[in-house]
Amino acid sequence: MRIGVLTGAGMSAESGVPTFRDALTGLWARHDPAELATEAAFRRDPALVWGWYRWRAAQVRRALPHRGHTGLAALAATHEVRVVTQNVDDLHERAGSIDVVHLHGSLFSSRCSDCGRRAVPEPLAAALADADEAARLPPPACSHCPGTIRPGVVWFGEALPTAAWDAALDVVATAELLVVVGTSGLVHPAAALPSLARRAGLPVIEINPQPGAIAEVASESWRCTAGAGIARLLERLDAGG
Ligand code: OAD
């Protein structure tokens, strides 16, 4: 079976990576997104923004993929599984998933804000034991031009990478099932993918402990965590469901 999986921050929550909007743990409970996740913020105070992404990348490097990530990777042995994620962490890849589309970029694809060349080696991949959330750090200079290296993530107000969005549309157009895991369904255009899938006649299963925008579109809503929901999905598919 051809399975599309759309994941959001809730997919990484069981690995200890905070979500965006969960009140208690949300990253932004302590920060104003306009203060950090925009190009204007980076131009205004590059050391603040780069330091925050360094902290987030160190948090992700310390995190481990959970059974939901490894379950999806294992599923690819018997089904065609394509993951479309809104997350900028690399937990799907570290669990073994091969076909992963990053709609909102990746913490580990820093590039020059002027010439666009990727920074090699990846400056945010370095193990940072002492990174703290408040540490300011000037971003590295580009080695090819006078520009400055920026995180390879999509900031508010920026367009999604065209290739990633086209790949996501292809997943919805060719899949036989869409599983939506751990997203509030509030940020477009990613949030439109489940509706596109339903209009294309695909069954859409939502996995999320909380009801939200996706519930209005899903064929089934499983009120459970990503790990438990993906285990249930594997059982259903094993049983030929
Ligand atoms: P949110 O923080 O908006 O939503 C996280 C969702 O995960 C919520 O619906 C939670 O109920 C759910 N959740 C929490 N714990 C879970 C668990 N253990 N298992 C399953 N679900 C769980 O994060 P996103 O929907 O991913 O965009 O946010 C989408 C985008 O908003 C992000 O990619 C980011 C942000 O603006 C950019 O940075 C461009």
Side-chain angles (χ1 to χ4, degrees), residues 5-42 49 52-53 56-57 59-60 63-72 83-92 95 100-109 124 150-162 164-165 168 178-195 204-218 220-233:
V5 186
L6 172 64
T7 64
M11 181 74 205
S12 302
E14 285 154 273
S15 293
V17 179
T19 63
F20 287 90
R21 294 174 180 86
D22 281 351
L24 293 182
T25 61
L27 272 177
W28 291 338
R30 297 184 292 284
H31 289 290
D32 171 359
E35 179 195 336
L36 292 168
T38 66
E39 186 182 14
F42 185 66
V49 174
W52 187 61
Y53 279 96
R56 286 185 63 189
Q59 215 180 30
V60 165
L64 292 174
H66 59 71
R67 62 174 174 151
H69 295 106
T70 52
L72 287 181
V83 177
V84 177
T85 188
Q86 298 170 87
N87 301 335
V88 294
D89 62 55
D90 60 348
L91 292 168
H92 282 299
V100 182
V101 175
H102 281 272
L103 285 178
H104 295 162
S106 164
L107 282 169
F108 307 108
S109 61
L124 291 182
R150 56 158 284 176
V153 302
V154 176
W155 279 328
F156 280 95
E158 293 184 327
L160 270 59
T162 310
W165 180 243
L178 181 69
V179 183
V180 183
V181 189
T183 180
S184 56
L186 295 176
V187 174
H188 285 268
L193 291 169
S195 307
V204 173
I205 296 174
E206 177 203 19
I207 298 173
N208 192 326
Q210 303 296 327
I214 305 293
E216 294 151 34
V217 173
E220 295 179 59
S221 286
W222 299 353
R223 291 285 164 254
C224 59
T225 64
I230 289 164
R232 178 175 164 187
L233 176 71

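Both ligands and their constituent atoms are indexed starting at 1 by order of listing.
- The line from CZ of Arg150 to CD of Glu39 is 6.5 Å long, rounded to the nearest 0.5 Å.
- Distances from ligand 1 to the non-hydrogen atoms of Gly212 include no value under 4.0 Å.
- Heavy atoms from both the backbone and the side chain of Gln86 come within less than 4.0 Å of ligand 1.
- Within ligand 1, counting atoms from 1 as listed, the ones closer than 4.0 Å to a heavy atom of Ala9 are 23 (O), 24 (P), 26 (O).
- Note that the CG atom of Asn87 and the CG atom of Leu107 stand 10.0 Å from one another [nearest 0.5 Å].
- Between Gly227, Ser184, Gly10, it is Gly10 that holds the heavy atom closest to atom 7 (O) of ligand 1.
- No option in Val101, Val83, Val5 other than Val83 meets the side-chain contact (heavy atoms from CB on, under 4.5 Å) test with His92.
- Taking distance alone, with nitrogen or oxygen atoms compared against 3.5 Å, Val187 stays at or beyond that limit from ligand 1.
- Residue contacts with ligand 1 for Phe156 involve side-chain atoms from C-beta outward but no N, CA, C or O (heavy atoms, distance under 4.0 Å).
- Contact annotation for Thr183 and ligand 1: heavy atoms of both the backbone and the side chain come within less than 4.0 Å of the ligand.
- At under 3.5 Å, a nitrogen or oxygen of Ala226, whether backbone or side chain, sits near a nitrogen or oxygen of ligand 1.
- Interatomic distance, NE2 of His69 versus CG of Leu91, reported as 4.5 Å (0.5 Å rounding).
- Annotation: the span from Leu178 atom CG to Ile205 atom CD1 amounts to 9.5 Å, rounded to 0.5 Å.
- Near Gly8, meaning under 4.0 Å from one of its heavy atoms, ligand 1 places the atoms 26 (O).
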Open item on the list: As a quick check of understanding, evaluate side-chain contact (heavy atoms from CB on, under 4.5 Å) for Val100 and His102, giving each step before the final call.
Closed with: CA-CA 6 Å; Val100 182; His102 281 272; 3.8 Å; yes

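- The N/O atoms of Thr225, backbone and side chain alike, include none that comes under 3.5 Å of an N/O atom in ligand 1.
- Contacts between Ala13 and ligand 1, counted as non-hydrogen atom pairs separated by less than 4.0 Å, involve the side chain only.
- No side-chain heavy atom of Ile207 sits less than 4.5 Å from a side-chain heavy atom of Arg232.
- Not a single heavy atom of Leu186 lies less than 4.0 angstrom from ligand 1.
- Close approach of ligand 1 to Gln210 is summarised as follows: ligand atoms under 4.0 Å from at least one heavy atom of the residue are 11 (O).
- Annotation for ligand 1: atoms under 4.0 Å from non-hydrogen atoms of Val154 are 39 (C).
- Heavy-atom proximity to Glu14, at under 4.0 Å, picks out these atoms of ligand 1: 17 (C), 18 (N), 19 (N).
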Open item on the list: Using the rule given for side-chain contact (heavy atoms from CB on, under 4.5 Å), can you reason through His104 versus Leu160, listing the C-alpha separation, both sets of side-chain angles and the distance that settles it, and then say yes or no?
Closed with: CA-CA 6 Å; His104 295 162; Leu160 270 59; 4.1 Å; yes

- [ ] Evaluate side-chain contact (heavy atoms from CB on, under 4.5 Å) for Leu103 paired with Val154, printing each intermediate quantity in order.
- [x] CA-CA 8 Å; Leu103 285 178; Val154 176; over 6 Å; no

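- Summarising the geometry, atom OG1 belonging to Thr7 is positioned 8.0 Å from atom CG belonging to Asp89; distances are rounded to the nearest 0.5 Å.
- Of the listed residues (Val88, Asn208, Thr19), the one carrying the non-hydrogen atom nearest atom 12 (C) of ligand 1 is Asn208.
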